[in-house]
Amino acid sequence: MKNTVLYLMIGCLLAALPGQALAVDGNALLRQVDANLQPESYEMYRKLINIEPDGRKKEFVFYTAKKGKDRMVALFLSPASEKGRVSLRIGDNMWLYIPNVGKPIRITSLQSVVGGVFNNSDILRLDFHVEYDVAAVIDQGDTWSLELQAKTRAVAYDRLKMTVDKKTVQPLDIQCFASSGMLIKTLHYSDIKDLGDGVVRPAKLITDSPLHKGYRSVMIFAKIKKREFDDEVFSLEFMPRVDELR
Amino acid sequence: MIRNMPAIALGFCMVLLAAGISRAAEDDLDGFDFDPDAFEKKSLQWGGYVEGKFEQFSYNEDSALYFLNVRNTERSTLDRTTGTLQLVGSYSIKKSSFNWLLKASASQDQDQYDDWANIYEAYLRLRPTDTVTVEAGKQSYKWGTGYAWNPVGFLNQRKDPNDPDEDMEGFVSLETSWVRSVGSTLESMAASVSILPVWDGVNDDFGRKDNINLAAKLYFLVKNTDIDFLYFTGDSRSSRYGIDFASNLATNFAIHGEFSWIPHADRVVLEQNGELRVEESSSASFLLGMRYLSEQNITTILEYYHNGSGYSEEEMSRYYHLVNEAQGESDPTVATLLLEKAQTVSQNGYGAFQNRKNYGYARITWKEPYDIVYFTPGITGIINLDDNSWTLTPELLYTGFTNWELRLRYSLLNGADNSEYGEKTNTDKIELRIRYFF
């Protein structure tokens, strides 16, 4: 009897501890987060606003197409100085096509095409479950905290800490860490709404970084639509012609 | 040295400051709405830029090329102002489009006015399926993976390594390309075939006239590596073969390379006796390069280029000797004859830029140092590894004002007598370029 009470007490204590929630399948939860953010193959429009500490802004608009796990392309529509630029991602490979240069050049995921806080891997982000494994899930009441570990060294951020809203199974914020443990940036999702085609998700993503104190980047998502593309659309040959998809 | 350099640099900073102040005043913080319908695709799309450029050259009055090209001037520097308009656009109907790139420029210096307008590109593109594309008309080719040079650029116009990203005039051609995604170790592959005629008034700067040439490229993406096999045949230029590659070894480190082989390359050589002779030999050229991004956001590009058809130091010294002979000749008639001969030699390859055997290239750019967003200082260096002459070009680039680009550059050239950069027309140059995109 004494032992039974002791076990019950330990059980209650464990239940109250935040780290006990490995009962939740973290990888399945991450897949659900991805599925709620966007279909696996889709097209969408995004506006990116870089905000400087004094409030000055620079805006970029781009069209994005994605197919399957790891094929993605982004075409800059505005401003005029960037119009026609195309970034392509196939797995860990990334290229940039600049109309003046006239040929795709290989770029690295940590480079920034637009300047400011966003780098190339932020703009051509694949589904989280494609690049990360869930190392831990912590129940925080209304939210889960997911510790994500990069599957390979080719991924831009070695570790992510994602807070997921239990009710909507949408991310609220994500902290991105380098392999050294340094916090590189934090993403804050907000403004959940129907973006079309039945996709209900945060329409706004605000990013800040301790490496760029006072700077923020805001990404606004719109017109997300399920769409199937030929594989050949995601090729170097097709980069000058991405606008034909619209 | 440049006389007005401090004034130009100060002007650059004042323009930045003035534009920053005016922009700050008109910004508001409530710009988070987005209407994607405003970006719906239209059949007719066009844009381009207007550019103003001010350059000041300091002459190298002791150099061979100064004597050959600008000996009659009395000034030690030359100021030039240039205005350029570029128009680019397309008209699309379903999967077909007509595309164009037009350029016009006017420049004025203390000695002369010059203007020109040219169709850089104008071609029809048909895309019967997502895998097949046919393009016909004037278009530019950018073969190769090198930044500064492209030994496999068999259809490329020669680019300026100091400004390799500038658009180039194309060639009239018919190109068919096919692409296929595989999705295994071999991710994708593509093939293209181009037909390039050379007739009177059509591509006549490409090579020998009245010939139709053929070029082909086979591309593979194997895991993280791009590989191209390239081929050119035709009577306008001798046949040639090439291979290139580019690969990411890490998220911040990429390597690239090119190799070309010309079994029967023609080369004009100046003999000891002063005669020009066409020499035929095989020629192998190659390029190896890397691109590295540091944690501080500093991008370093390094390249080594071996030009198999390049001139040796001895061959070039004959050319310089010919110019010096003309310079030292007291009889005006003989001097004129020698100068005319030197001009002919120059036009047959000796006057072309970067026509030697071995070069090194380095470009270092620091994106947004100290949190100054959209600001990129950089420096580019090119060294002739045979004679150790070099050019160094520091620059400041600012793109923080929407659709404006400001670039300030200073180029210094240095080398001994009879060396490539020691015998150039100028010793240094400063350039301020302002572009507005629309």
Side-chain angles (χ1 to χ4, degrees), chain A residues 45 47 49-52 54-59 61 63 77-81 83-84 90-94 98-103 105-112 115-116 121 153-156 204 212-215 218 220 222-223 229-238 241 243-244 246, chain B residues 20 23-24 27 29 31-34 36 39 41 45 47 49 88 92 95 97 125 127 130-131 133 140 142-143 165-168 177 179-181 183 187-188 190 192 219 221 224 226 246-248 250-254 256 291 293 297 299 367-368 371 373-374 399-400 402-405 437-438:
Chain A
Y45 288 81
K47 182 192 233 183
I49 307 156
N50 280 341
I51 307 166
E52 293 173 47
D54 61 2
R56 291 185 290 178
K57 291 177 286 184
K58 191 171 181 186
E59 299 184 351
V61 174
Y63 166 82
L77 304 175
S78 172
S81 55
K83 193 176 175 182
I90 303 175
D92 298 331
N93 300 284
M94 288 189 193
I98 301 172
N100 266 8
V101 178
K103 67 177 179 185
I105 52 168
R106 269 187 177 266
I107 52 175
T108 56
S109 58
L110 292 174
Q111 269 179 277
S112 175
S121 67
R153 293 187 60 177
V155 178
K204 197 179 287 177
H212 295 80
K213 283 197 175 70
Y215 292 93
V218 180
I220 305 173
K223 286 181 87 169
F229 298 95
D230 286 341
D231 284 346
E232 287 72 22
V233 161
F234 305 90
S235 66
L236 270 61
E237 292 289 320
F238 200 82
R241 306 195 274 278
D243 199 34
E244 291 174 15
R246 301 204 298 136
Chain B
R23 196 184 57 155
D27 275 332
L29 285 169
F32 289 178
D33 49 329
F34 175 33
F39 295 91
K41 189 181 173 186
Q45 299 195 71
Y49 64 75
V88 60
S92 310
K95 290 185 174 182
S97 62
R125 174 187 289 151
R127 191 162 64 87
D130 281 344
T131 60
T133 306
S140 58
K142 306 283 174 61
W143 286 6
D165 290 348
E166 286 305 288
D167 38 42
M168 313 287 286
S177 54
V179 59
R180 173 105 176 97
S181 275
E187 281 277 359
S188 64
S192 67
Y219 164 79
L221 171 59
N224 286 352
D226 299 309
S247 184
N248 280 27
T251 51
N252 60 347
F253 184 56
H256 59 273
R291 179 186 176 119
L293 176 71
N297 221 358
T299 299
K367 202 174 173 81
E368 303 176 348
D371 273 354
V373 285
Y374 315 118
T399 57
T402 299
N403 291 328
W404 287 90
E405 181 187 281
F437 295 86
F438 55 86

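Letters A, B, ... are given to chains in the order of the sequence lines, protein chains preceding strands, and every chain is numbered from 1.
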Most chain A-contacting option - heavy-atom pairs closer than 4.5 Å, from [options]:
options: B:Val88, B:Asn297, B:Leu221; result: B:Leu221
options: B:Val179, B:Asp167, B:Asn252; result: B:Val179
options: B:Asn403, B:Asp165, B:Thr131; result: B:Asn403
options: B:Gln45, B:Met168, B:Arg127; result: B:Arg127
options: B:Gly47, B:Ser188, B:Ala246; result: B:Ala246
options: B:Ser247, B:Ser192, B:Ser140; result: B:Ser247

Against chain A, label [X] side chain, backbone, both or neither, depending on which of its atoms sit under 4.5 Å from a heavy atom there.
X: B:Thr399; answer: both
X: B:Glu405; answer: neither
X: B:Ser177; answer: side chain

Is chain B contacted by the side chain of [X], its backbone, both, or neither, given a heavy-atom distance below 4.5 Å?
X: A:Ile98; result: neither
X: A:Glu244; result: both
X: A:Tyr63; result: neither
X: A:Arg106; result: both

Donor-acceptor contact below 3.5 Å, side chain [X] vs main chain [Y]:
X: A:Arg246; Y: B:Phe39; result: yes
X: A:Glu232; Y: B:Ser181; result: yes
X: B:Lys367; Y: B:Thr299; result: no

Is there a side-chain contact between [X] and [Y], using heavy atoms and a 4.5 Å cut-off?
X: B:Asp226; Y: A:Leu236; answer: yes
X: A:Ile51; Y: A:Val218; answer: yes
X: B:Thr402; Y: A:Glu59; answer: no
X: A:Tyr45; Y: A:Leu77; answer: yes

With a cut-off of under 6.0 Å to the ring centre and 45° to the axis, is A:Lys47 in cation-pi contact with B:Phe34?
no
I need the residue from A:Asn93, A:Ile90, A:Asp231 with the largest number of non-hydrogen atom pairs under 4.5 Å to chain B.
A:Asn93
Would you call the rings of B:Phe437 and B:Tyr49 parallel, tilted or perpendicular, where under 30° means parallel and over 60° means perpendicular?
perpendicular
